[in-house]
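This report refers to the structure that appears directly beneath it.
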Amino acid sequence: MSSIPPVQVYKKLLAVYGPQGWWPADSPFEMMVGAILTQNTSWQNVETAIANLKAHNMLDCELIASSNLQQLGEVIRASGFYMQKARYLQQFSLFYYNNSKRKGLSKWPTSILRNRLLAVHGIGPETADSILLYALDRPVFVVDAYTKRLFMRLEHFDYELGYDSIQHYFKQRLPESLPLFQEFHALIVEHAKRFCKTKPLCSRCPLASDCPTAMGSGAEINRPKHPDVD
DNA sequence: ACCCAGGGTCATA
DNA sequence: TATGACCATGGG
């Protein structure tokens, strides 16, 4: 009962939903801000916060880095965890200011760049990879809660697997292509939002024929524990 | 009145 | 290293 290969899932999702054109942002910096603000938060709330930043003319690296913490928090309040995220935004903005100005941030190897991003307080694996993929054009596969949920449903792996294991799973099964990774992650999110909520019922899901848990059969099926083969 | 959302950090054992 | 608490708003 081998699972349908990731690239097939991609083709199917692309056929159903079409190109998503992610990430929705007017600039790389806006994209990065969005990546931080959307941590465990609905995108709708993030849109409100970003619109508010724009309304206050604060969607700027230097301005955020030097802004008053409380005031910044108020502006992004709608995104939730707003004081924590205000700190994260300042830390990141300082990092970006120090490194984007002809320091050659765009010339660093992806792995080095990733480590630098991870060293910023408030930036974990998913946020770092999102920034790499959508703001810095690095071919990196982003793993998020939707990715886990969808491919767990499709029986590719167990939900318990950590970030790096899951990323490696896709890395060894997909060609290293920037547009592929950009579209795939976007498609996974758009699809999972609609059809892979917490309930195990996927009526009318376009992937239903490939999804063992579709149509609410409720049947628990034995899943592979480790994706690593080679 | 719940449940959840495009995570990450920190304290504890 | 592995689990749990915490952060907090807005929509369903």
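Here is how names work: the chains are called A, B, and so on, in the same order as the sequence lines, proteins then strands, and each is numbered from 1.
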Mind checking whether [X] and [Y] sit in one hydrophobic cluster, side chains of I, L, V, M, F, W, Y counted as touching below 4.5 Å?
X: A:Ile166; Y: A:Val7; value: yes
X: A:Val189; Y: A:Trp43; value: yes
X: A:Leu94; Y: A:Val75; value: no
X: A:Tyr97; Y: A:Val120; value: no

How would you label the contact of [X] with the nucleic acid (heavy atoms, under 4.0 Å): base, sugar-phosphate, or nothing?
X: A:Lys193; answer: base
X: A:His185; answer: nothing
X: A:Gln84; answer: base
X: A:Ile36; answer: nothing

Just the rounded figure in Å: distance from [atom2] of [N] to [atom1] of [X].
X: A:Gln91; N: B:dT9; atom1: CD; atom2: P; value: 11 Å
X: A:Met32; N: B:dG7; atom1: CE; atom2: P; value: 19 Å
X: A:Tyr88; N: B:dG7; atom1: OH; atom2: P; value: 13 Å
X: A:Asp144; N: B:dC4; atom1: CG; atom2: P; value: 17 Å
X: A:Gln39; N: B:dG8; atom1: CD; atom2: P; value: 5 Å
X: A:Ile50; N: C:dT9; atom1: CD1; atom2: P; value: 18 Å
X: A:Leu37; N: B:dG7; atom1: CG; atom2: C1'; value: 12 Å
X: A:His121; N: C:dC7; atom1: NE2; atom2: P; value: 14 Å

Check: protein-nucleotides 11-13 of chain B nitrogen or oxygen pairs below 3.5 Å:
none

Using the ring of each side chain (for Trp, its six-membered ring), is A:Phe95 parallel, tilted or perpendicular to A:Phe92, with breaks at 30° and 60°?
-> tilted

Specify whether A:Phe170 and A:Phe151 have parallel, tilted or perpendicular ring planes, treating 30° as the upper limit for parallel and 60° as the lower limit for perpendicular.
-> perpendicular

Counting side-chain heavy atoms from C-beta on, which of C:dC7, B:dA5, B:dC10 comes nearest to A:Arg149?
-> B:dA5

Closest nucleotide among B:dC10, B:dA5, B:dG8 to the A:Thr127 side chain =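 Nearest nucleotide to the side chain: B:dG8.
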
About how many Å separate NZ of A:Lys148 and CZ of A:Phe157, when rounded to the nearest 0.5 Å?
-> 9.0 Å

Measure the CG-CE distance between A:Leu133 and A:Met31 for me, rounded to the nearest 0.5 Å.
-> 7.5 Å

Are A:Tyr88 and A:Phe81 an aromatic pair by the rule of ring centers under 6.0 Å?
->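 No.
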
Taking any strand in view, what nucleotide pairs with B:dA13 in a Watson-Crick or G-U wobble way, both distances under 3.5 Å?
->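 Pairing partner: C:dT1.
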
Which whole number of Å gives the distance between the P atom of B:dC10 and that of C:dA8?
->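 Straight-line distance between the two P atoms is 14 Å.
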
Examine distances only and state if a side-chain atom of A:Glu183 and a backbone atom of A:Phe181 form a donor-acceptor pair shorter than 3.5 Å.
->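 The answer is no, because no donor-acceptor pair under 3.5 Å joins these two groups.
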
Contacts under 3.5 Å, N or O only, protein and nucleotides 10-12 of chain C:
from: C:dG10; atom 1: O4'; to: A:Asn45; atom 2: OD1; distance (Å): 3.1
from: C:dG10; atom 1: O4'; to: A:Asn45; atom 2: ND2; distance (Å): 3.0

